[in-house]
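FYI, the numbering just counts along the sequence from 1.
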Amino acid sequence: SIHADEAFHELDESGQNLAAKIFKALTVKAEGSRGVRRPMSLGQLMEVTESKEESILAALRPFREDGRSFVLPGMDAEISSSTIFDISHESLMRGWDRLKFWTEEEMNSAALYVRISEAAVLHKQGAAALWRDPELQLAEDWKSRQKPNQAWGRLYHPGYTEAMSFIQESHDQQASEVAAKRRRTALIRVAVLAFVVVVTSLSAWALYQSKIATEKSLEAQDKSEEAL
């Protein structure tokens, strides 16, 4: 939708980033890869996006103005934390490429979060191990990029706390294993170096003893010849 993009470009960078979070919260992908509306109260949007009321209203303003009305309610409505915000029509999800990209991005993020949450449940039950790379790296990259919070997590799976703990425990275990491996490698290097030093010392000592024995043998031979 050209008009939706025009509204989007009226926002500054921070407003655009917040608008993306809001539209991701207001949209969910249903069966058949079809985006459907997910109405949400202003209070919920504040929790999910971790933003203030005035920031959310400012980010939505271009989309609520007369002549556009991509998001309801309109500008003439009285707003409170319980006010429900919703995309005005699902045709926007089909016609606005930016929103389709956001929806796809959100669903991929949610799918990974659900996967982590389910792995955390199985681990707690003793039915699965902690993650290691490359799965752990994938999870840590996602966490760093997504910066999820509990309100967002509740949209897709109730085990947010367990999922975050699972990532941390996996990280700690892998870090411990890597540190232990480095210690073993260091000990092996020290042992090899010590072996080389000992072998070199013994070789030098043996060479020295051989030299002394040779000298004594030559000395004895000289004395024997003198006696004759």
Side-chain angles (χ1 to χ4, degrees), residues 1-118 141-160 163-164:
S1 171
I2 296 175
H3 297 301
D5 263 334
E6 288 176 351
F8 178 74
H9 287 299
E10 289 178 13
L11 300 168
D12 60 19
E13 184 177 356
S14 62
Q16 290 178 354
N17 291 335
L18 179 53
K21 292 180 180 180
I22 293 170
F23 276 100
K24 286 179 179 181
L26 294 177
T27 313
V28 63
K29 183 173 284 189
E31 295 181 3
S33 299
R34 182 173 58 88
V36 297
R37 289 141 55 191
R38 177 167 56 187
M40 195 170 290
S41 71
L42 176 58
Q44 286 178 295
L45 286 173
M46 290 169 62
E47 290 181 350
V48 170
T49 64
E50 295 182 309
S51 302
K52 296 179 179 179
E53 176 180 324
E54 54 267 30
S55 298
I56 291 176
L57 295 179
L60 287 177
R61 183 181 183 88
F63 301 97
R64 298 172 58 216
E65 292 178 341
D66 293 339
R68 286 174 175 165
S69 300
F70 295 119
V71 175
L72 300 175
M75 293 298 296
D76 57 345
E78 292 187 11
I79 303 298
S80 70
S81 61
S82 60
T83 300
I84 300 298
F85 284 83
D86 191 11
I87 294 175
S88 59
H89 202 280
E90 290 182 6
S91 61
L92 181 64
M93 300 178 217
R94 297 191 296 270
W96 190 17
D97 289 340
R98 191 181 302 275
L99 181 53
K100 287 191 285 186
F101 172 79
W102 284 339
T103 303
E104 186 69 26
E105 190 174 55
E106 176 75 354
M107 291 305 100
N108 289 338
S109 179
L112 180 54
Y113 165 67
V114 170
R115 182 182 166 197
I116 295 168
S117 299
E118 291 176 345
D141 289 346
W142 164 81
K143 183 181 177 183
S144 176
R145 182 178 62 254
Q146 173 70 28
K147 295 179 175 57
N149 60 40
Q150 193 159 21
W152 179 87
R154 283 198 302 266
L155 296 175
Y156 303 104
H157 193 285
Y160 172 81
M164 297 304 105

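Between the side chain of Thr83 and the backbone N or O of Ser80 there is at least one donor-acceptor pair closer than 3.5 Å. No donor-acceptor pair under 3.5 Å is formed between the side chain of Tyr156 and the backbone N or O of Val114.
Other residues, nucleotides and ligands contribute only 12 or fewer heavy atoms inside 6.0 Å of the CD atom of Glu13. Within 6.0 Å of NE2 on His3 lie no more than 12 heavy atoms contributed by other residues, nucleotides or ligands.
Separation of atoms CG (Leu42) and CD1 (Ile79) is listed at 7.0 Å; rounding is to 0.5 Å. Remark: Arg115 CZ to Ser117 OG distance equals 12.0 Å, nearest 0.5 Å. Once rounded to the nearest 0.5 Å, the distance linking NZ of Lys100 with CZ of Arg94 reads 10.0 Å. Here the CG atom belonging to Leu60 is positioned 11.0 Å from the OG atom belonging to Ser55, to the nearest 0.5 angstrom. The distance from the CE atom of Met46 to the NZ atom of Lys52 is 9.5 Å, given to the nearest 0.5 Å. Between the CG atom in Leu57 and the CD atom in Glu54 there is a gap of 8.0 Å [rounded to 0.5 Å].
Trp152 places none of its side-chain heavy atoms less than 4.5 Å from the side chain of Lys147. Taking 4.5 Å as the limit, some side-chain heavy atom of Met164 sits within range of a side-chain heavy atom of Pro148. Considering only heavy atoms from C-beta on, Ile22 stays 4.5 Å or farther from Trp102 through its side chain. Here the side chains of Phe23 and Phe8 are not in contact, with every heavy-atom distance at 4.5 Å or above. Val36 places a side-chain heavy atom less than 4.5 Å from the side chain of Glu90. Leu155 is not listed as a side-chain neighbour of Lys24, based on a closest heavy-atom distance of 4.5 Å or more. The closest side-chain heavy-atom distance from Leu11 to Phe63 is below 4.5 Å. With contacts defined as side-chain heavy-atom distances shorter than 4.5 Å, the pair Glu106/Thr27 does not qualify.
The heavy-atom pair separating Leu18 from Ser51 by the smallest distance is CD1-OG, 3.2 Å. Shown here for Leu26 and Ile87, the closest heavy-atom pair between the two residues is O-CD1, 4.0 Å. Heavy-atom minimum distance, Ala59 versus Gly15: CB-O, 3.9 Å. Heavy-atom minimum distance, Ala163 versus Tyr113: CB-CE1, 4.1 Å.
Under the 4.0 Å criterion applied to side-chain N and carboxylate O atoms, Arg154 and Glu47 are assigned as salt-bridge partners.
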Expected list for residues 64-75: side-chain donor-acceptor pairs under 3.5 angstrom, two or more places apart:
{"residue": "Arg64", "atom": "NE", "partner": "Pro73", "partner atom": "O", "Å": "2.7"}
{"residue": "Arg64", "atom": "NH2", "partner": "Pro73", "partner atom": "O", "Å": "3.4"}
{"residue": "Arg64", "atom": "NH2", "partner": "Gly74", "partner atom": "O", "Å": "2.7"}
{"residue": "Arg68", "atom": "NH1", "partner": "Glu10", "partner atom": "OE1", "Å": "3.3"}
{"residue": "Arg68", "atom": "NH1", "partner": "Glu10", "partner atom": "OE2", "Å": "3.0"}
{"residue": "Arg68", "atom": "NH1", "partner": "Pro62", "partner atom": "O", "Å": "3.2"}
{"residue": "Arg68", "atom": "NH2", "partner": "Glu10", "partner atom": "OE2", "Å": "2.7"}

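With sequence neighbours left out, the salt bridge (Lys or Arg N to Asp or Glu O under 4.0 Å) criterion links Arg38 to no other residue. Here Glu118 pairs with nothing under the side-chain hydrogen bond (donor to acceptor under 3.5 Å, both in side chains) rule; sequence neighbours left out.
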Test log, rule side-chain contact (heavy atoms from CB on, under 4.5 Å), inputs Gln16 and His9: CA-CA 8 Å; Gln16 290 178 354; His9 287 299; 3.9 Å; yes
